[in-house]
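Note that the coordinates shown come from a computational prediction; the quantities given were computed from them, not determined experimentally. Reckoned from all heavy atoms, side chains included, excluding hydrogens, waters and symmetry mates. Below, chains carry the letters A, B, ... as their sequence lines are ordered, and counting in each starts from 1.
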Amino acid sequence: MARIPSFFSNLCLRQNPKSLRAITPQIRNRNLSLDQFNGNSEELAQQPQKPDEIFAQNRIFPLNETSRLSEELMQNPQKPDEKFAQNQISTVSEIAKEVSKFILSRPRWEQTLLSDFPTVNFADPAVYKAVLKQQESNVLLSLRFYLWLRSLSGVSFDPDLCNLMFSRLVEAKAAYAAKSFLHDTKFEPEPRYLELYVRCLCENGLIDEAVGVFERLKMIGYCASLETWNLALSHCVRTSRVDVVWRLYGEMTECGVVTDVGTIGHLIQAFCLENNVAKGYELLQQVLEAGHVPDNIVFNKLISALCKNGNFGTVSAVLHNMIAKNCPPDIYTYQEIIYRLCKGRMSNEGLRIFDELKNRGYFPDRVMYTTMIHGLCRNKDLGNARKLWFEMIQNGIIPNEYTYNAFIDGLWRSGHFDEAEKLHKEMVDRGYGETTVSYNTMINGLCLNEKVEEAQALFEEMNEKDVVRDSITYNSLIKGFCCQGKITEALHFFIELRKQGFLPSTATLTTLIKKLCEAGQVKEAETLWLDMQNNGLEPAFHSLDPIISELSKQERFAEALEWLGCMINNGVRPKKTTLERLVERLSLADRSDDALFVLGYTLKMGIVLKQSSCHSLVDKLCRNNSHHTNTLLGEILERR
DNA sequence: CTAGGGTTAG
């Protein structure tokens, strides 16, 4: 992939002379707010308990039984310590080696260690530190030994020991254990270990905690290394904590840290995350001009953001940049571009890039084929999708769940139901059939093709096969029944959906309300609408049209006008047909005043009703040409 | 070890 596809070859680079420093003040001036962050973290690998529990010694290690000798020991006539007594081995490191060996071989050494080594003075800092140093590869053992020491009386804990234990925890990336160790001991770790702690916190997703430690370091006048700052920034970017990016960047420049291209790469990504793509692009230009080349992922994130905004021209420019800087676009780059092109109804452009890649000797992988097939299906280009499907298989790539579902969905949507059924069978045979998505794809496809009963059968099958139904399952089915005019069934599944705690999609609701009204069940429609309103569903107002329409038909004008007011007050324009029906029915029912009132609003909104709708009104008005009517008409005309 | 990708409603 040395060159770029023809589609992107028409733009040149924009030059920007500004230096990197130019952005610093803007970044400093940001208002920052730290949200609660709910990151997960890996704790001590071998120890699923929370650190607090680890420190609740007695629950894990039966230290209160220390004085009791184990049965094992009773049967063991020679104690390990006798060696020291007999041979006069007494250098601290030799003792530590022996103790460590013992600890490693006895799962419950805590109980007998003191009596096994009666001549060893564990309260001697030189001794316990030497033992701890022996266990550097095993954090859990270190921690156990440390806790055991704490259970002894007469052991004084010096900062060296705490630092040693703390560094052990931090190097093992046991963020939670390190945190509660700090909390527990209240000691001041050496700055270099605090710096390691920052890294450890970041790697465990505890960004906010890390910010706090940066503060602490700042207060003691210690400046973390560039690598640590960059690591923190990279984790902020990964977890979309843009606010923290700006805050940390501000602090690191305040500390006088000299940033590198990695730092700027994170800033570019941060700009992309807050959809400030222009700034991101500008910054990229500045780094490039300064002679630095960011990591591929920075280019890709920028390209992805540009694509999302439909700015394919700049995408082209960035691709030029990448090639010029000997940093060729990779599979992710092209996949993102193709995906976005298809999403913007430019699947033909996407396909051109796809073909171009193949012409350059590149073999697309399964994900790439899936993306392309999906994109083509969404653009109703089933011919090309099918072509790629077989080409992919020919190239030895076996479709998986994603590929099958994307293609089967496309087949259903274009009415190729035989082929859809056939491929679905194949997918089931390959073991991809029993997921929520595969069932949803089939249920939706069947509903789109007027096969609601079969869809319902699959719906039941999900229960038998223990496949979880989600809101998509229900929404698809409800819509299917609505389209078949089967309102009773649709309502049944709607109630089921609500019982499961799901919310209907707006499309489902609109359809359901419309169908209920058409069947004359306005009351149910109104209840439904209020239900969705109470549940915080947004756009509801458009679905009031059929309700107003049906109420007019039933000559329930007070209610119709009330709903109409509700719609208008919320800034939603009723449909022209709704207003026409209302005016017609009002006139027929001899309610000229109300008809005129509605007409007034209609004109105010710039909606012109069809002539026939005004006929009956004009007719009535002419028959009783009162002064009142004239006034009303006058008002209406003035409002216009 | 060196991040990151694809499927279902509307």
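Using a 4.0 Å heavy-atom cutoff across all strands shown, A/S471 reaches at least one base atom of the nucleic acid. At a threshold of 4.0 angstrom between heavy atoms, the contacts of A/T473 with the nucleic acid are absent. Using a 4.0 Å heavy-atom distance criterion, A/N475 is classed as a base contact. Within 4.0 Å (heavy atoms only), A/Y339 reaches sugar-phosphate atoms of the nucleic acid but no base atom.
Listed nucleotides B/dG5, B/dT7, B/dG6 differ in distance to A/I331; the shortest reach to its side chain belongs to B/dG5. The side chain of A/I472 sits closest to B/dT8 out of B/dG6, B/dT8, B/dT7.
Residues passing the side-chain contact (heavy atoms from CB on, under 4.5 Å) test with A/C447, sequence neighbours excluded: A/I443, A/V452, A/A455, A/L477. For A/E450, the side-chain contact (heavy atoms from CB on, under 4.5 Å) partners two or more places apart in sequence, or in a different chain, are A/Q484.
In this structure, A/F354 has its ring center under 6.0 Å from that of A/Y369. Ring centroid separation for the pair A/Y334 and A/Y362 does not come in under the 6.0 Å cut-off.
Protein atom CZ of A/R469 is 21 Å distant from nucleotide atom P of B/dT8, rounded to whole Å. With rounding to whole Å, A/Y439 atom OH is found 22 Å from B/dT7 atom P. Atoms CZ (A/R366) and P (B/dG6) sit 14 Å apart, rounded to a whole Å. A straight line from NZ of A/K343 to P of B/dG6 spans 10 Å, rounded to a whole angstrom. Between the CE atom of A/M427 and the P atom of B/dT8 there is a distance of 13 Å, given to the nearest Å. Per the geometry, CZ belonging to A/R340 stands 12 Å off C1' belonging to B/dG5, to the nearest Å. Rounded to a whole Å, the NE2 atom of A/H424 is 13 Å from the C1' atom of B/dT7. Atoms CG (A/L357) and P (B/dG5) sit 19 Å apart, rounded to a whole Å.
Near-neighbour residues of DNA chain B inside residues 368-386 of chain A, defined by a heavy atom below 4.0 Å, number-ordered: A/M368, A/T370, A/T371, A/H374, A/R378.
Partner of A/P399 under the side-chain contact (heavy atoms from CB on, under 4.5 Å) criterion, out of A/F407, A/Y432, A/W389: A/W389 alone. Test A/T228, A/V213, A/V170 against A/E195 for side-chain contact (heavy atoms from CB on, under 4.5 Å) and you get one pass: A/T228.
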Hey, what are the protein-to-nucleotides 1-3 of chain B N/O distances that come in under 3.5 Å?
{"residue": "B/dA3", "atom": "N6", "partner": "A/D295", "partner atom": "OD1", "Å": "3.1"}

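In this structure, A/Y402 packs face-to-face on the six-membered ring of B/dG6, meeting both the 5.5 Å centre cutoff and the 30° plane limit.
A/T578 and A/S549 are not linked by any side-chain donor-acceptor pair at a separation below 3.5 angstrom, with hydrogens and angles left out of the test. Defined by atom type and a distance below 3.5 Å, a donor-acceptor pair is missing between the side-chain atoms of A/D409 and A/N405.
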Got a list of side-chain donor-acceptor pairs under 3.5 Å for residues 509-519 of chain A, not counting sequence neighbours?
{"residue": "A/T510", "atom": "OG1", "partner": "A/T506", "partner atom": "O", "Å": "2.7"}
{"residue": "A/T511", "atom": "OG1", "partner": "A/A507", "partner atom": "O", "Å": "2.6"}

Kindly list each side-chain donor-acceptor pair under 3.5 angstrom involving residues 416-425 of chain A, sequence neighbours excluded, with atom names and distances?
{"residue": "A/H416", "atom": "ND1", "partner": "A/S414", "partner atom": "O", "Å": "3.2"}
{"residue": "A/H416", "atom": "ND1", "partner": "A/S414", "partner atom": "OG", "Å": "3.1"}
{"residue": "A/E419", "atom": "OE1", "partner": "A/R386", "partner atom": "NE", "Å": "3.4"}
{"residue": "A/E419", "atom": "OE1", "partner": "A/R386", "partner atom": "NH2", "Å": "2.8"}
{"residue": "A/E419", "atom": "OE2", "partner": "A/R386", "partner atom": "NE", "Å": "2.8"}

